[in-house]
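This report concerns only the one structure given below.
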Amino acid sequence: MGTSTFYMSLPTPFLKPQKPSNQIFITSSNKFNSALQHYALHKPKNCSIQKTSVPILVQKSCKLDLFKVRAVAENAGESEAVKPKEVIQTLQLGAMFGIWYLLNICYNIYNKQVLKVFPFPATVTASQFGCGTLLILFMWGFRLHPIPKISKSQFKAIFALAAIHTLGNVLTNISLGRVAVSFTHTIKAMEPFFTVLLSALFLAERPSPWIVSSLVPIVGGVALASMTEASFNWIGFGSAMASNLTNQSRNVFSKKFMVKEEEALDNINLFSMITIISFILLVPVAILIEGIKLTPSYLQYTAASHGLHVRELCVRLLLAGFCLHSYQQVSYMILQMVSPVTHAVGNCVKRVVVIVSSVIFFQTPVSPINSLGTALALAGVFLYSRVKRLQRKPKVA
């Protein structure tokens, strides 16, 4: 157990003997007195107690030793009290990561099922934002969470976040509609590569040799997986690559916005405002690009042409929207609790879980070389996260 020693002035004697002044009596039983009893029985030879007109007057070296005993005892009690809090926080964070992964798995499964039958990614994304908006209005309407007060400067920052968020989700759905879920997430493992590239081009940040080395297996693994992917499609490949740019910039921007103490919103209201603005932005764009597709007659026709009941299609569409809003909300909550590097490591593990679960659920054919490429890319992402974490640790002098 780690302890620390500190010194303080003594305004009044904390021992008040009722006997002659050359004796010490301890009247209460606590951690400090237990330590003091040990000290009184095993006091150093150079510590002497002399009779004076003051009740107890101890030499300077003895006083310092007594304070050390008291500080150690009090600090030990504080460290024991902190431990349960740390355990609870660790369990809470672990549970949030588990919920994040589970909701992400469900979202990818339901979303892929919908996009197979209803191949309109902008409309599907708009409906998912609409589902999230209804959940937010329900939360605010029943006072489950306070309604935020937004200033003009806040709205500008949130609007930029919402635009990036909207584009990233649409691009991801385009990719999921064209290629296998596992392949989309393999491509999205290249987010670190785009982060380093943009930082070098626009921020003049030179990556270290270790960072560059970690990018080699990422690029090589994605290239190997793409060459052997049975569902390869250039539109799906390109949209997944483009979503890497938007999602990575969204995470960095949102982290910067949340740490502004004067104007920061809490994580729930921040993501709620992003979702509502994204819904308002995307609805007219979806109608302009794809037309009005969410009509009873069209849904009935689409579902029947794929051997489904319209109710099954609608339920999957709603569940996909609920899982999307929930897992992204949890992701924002985790991002506020941990560093971006830790969040990136968790995101890497999440990708592994989603790839494996989607391959099992959809029975996606995966060749040994394709599996090797995917594993190589994910290993590179994990290595990149570890290198970034080591670089951020402060150097001890």
Could you tell me if the side chain of [Y] sits less than 4.5 Å from the side chain of [X], heavy atoms only?
X	Y	result
I99	Y327	no
I289	F120	no
I218	P192	yes
N108	H185	yes
H165	F271	yes
M273	Q154	no
V315	R311	yes
W140	P146	no

Compute whether any side-chain donor of one residue and acceptor of the other, for S297 and Q300, lie under 3.5 angstrom apart.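 On atom types as modelled, these side chains do not qualify, holding no pair under 3.5 Å.
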Please report the C-alpha distance between T172 and K188 in whole Å, then the side-chain angles of each, then the deciding distance to 0.1 Å, and finally whether the side chain to side chain contact (heavy atoms under 4.5 Å, CB included) criterion is met. CA-CA 9 Å; T172 300; K188 287 173 71 66; 3.5 Å; yes
Kindly give the heavy-atom pair with the smallest separation between [X] and [Y], and that separation in Å.
X	Y	value
P217	G380	CG-CA, 3.7 Å
A126	F279	O-CD1, 3.4 Å
E229	A180	OE2-CB, 4.1 Å
F237	S226	CE1-OG, 3.6 Å
N370	A225	ND2-O, 3.0 Å
A303	L313	CB-CD2, 4.2 Å

Indicate if [X] and [Y] have the same hydrophobic cluster label, given that clusters are the connected sets of ILVMFWY residues with side-chain heavy-atom separations under 4.5 angstrom.
X	Y	answer
L270	I147	yes
F97	L103	yes
V216	L224	no
V219	I211	yes
V310	L319	no

Could you state the interatomic distance from [atom1] ([X]) to [atom2] ([Y]), rounded to the nearest 0.5 Å?
X	Y	atom1	atom2	answer
T246	E191	OG1	CD	8.0 Å
L115	I174	CG	CD1	10.0 Å
I268	M139	CD1	CE	6.5 Å
I136	T275	CD1	OG1	4.5 Å
I334	Q329	CD1	CD	10.5 Å
S175	I235	OG	CD1	10.5 Å

Report all side-chain donor-acceptor pairs from residues 358-365 shorter than 3.5 Å, counting only partners two or more places apart or in another chain.
residue: S358; atom: OG; partner: V354; partner atom: O; Å: 3.0
residue: S358; atom: OG; partner: I355; partner atom: O; Å: 2.9

Sort out for me which residue in I274, N169, N104 forms a side-chain contact (heavy atoms from CB on, under 4.5 Å) with Q328.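 Testing Q328 for a side-chain contact (heavy atoms from CB on, under 4.5 Å) against I274, N169, N104 leaves exactly one candidate, N169.
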Apply the side-chain contact (heavy atoms from CB on, under 4.5 Å) test between L281 and each candidate in V283, I277, V285; give the one that qualifies.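 Only one of V283, I277, V285 forms a side-chain contact (heavy atoms from CB on, under 4.5 Å) with L281, namely I277.
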Looking at T125, T123, T184, which hits side-chain hydrogen bond (donor to acceptor under 3.5 Å, both in side chains) with N173?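 Single side-chain hydrogen bond (donor to acceptor under 3.5 Å, both in side chains) partner of N173 among T125, T123, T184: T125.
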Chi angles and distances behind the side chain to side chain contact (heavy atoms under 4.5 Å, CB included) call for R386, F382: CA-CA 6 Å; R386 295 297 300 173; F382 182 77; 3.8 Å; yes
Looking at Y298, I'd like to know if the NZ or CZ of K293 sits under 6.0 Å from its six-membered ring centre while staying within 45 degrees of the ring's axis. yes
Does the plane of the ring in F138 sit parallel, tilted or perpendicular to the ring in F142? Use 30° and 60° as the thresholds. tilted
Just say parallel, tilted or perpendicular for the rings of F159 and F155, cut-offs at 30° and 60°. tilted
Taking the six-membered ring for Trp, are F232 and W234 closer than 6.0 Å centroid to centroid?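 They qualify: ring centres under 6.0 Å apart.
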Ring centers of F129, H325 separated by less than 6.0 Å: no
Polar side-chain atom of [X] near backbone of [Y] as donor-acceptor pair, under 3.5 Å:
X	Y	answer
N269	H145	no
S243	A240	yes
H306	L308	no
N111	A320	no
E312	H309	yes
Y101	G346	yes

Can you confirm whether [X] is buried at [atom1], in the sense that more than 12 heavy atoms of other residues, nucleotides or ligands lie under 6.0 Å from that atom?
X	atom1	result
R316	CZ	yes
F322	CZ	no
L137	CG	yes
I292	CD1	no

Is there a side chain to side chain contact (heavy atoms under 4.5 Å, CB included) between T374 and S182 once you walk through the steps? CA-CA 9 Å; T374 301; S182 57; over 6 Å; no
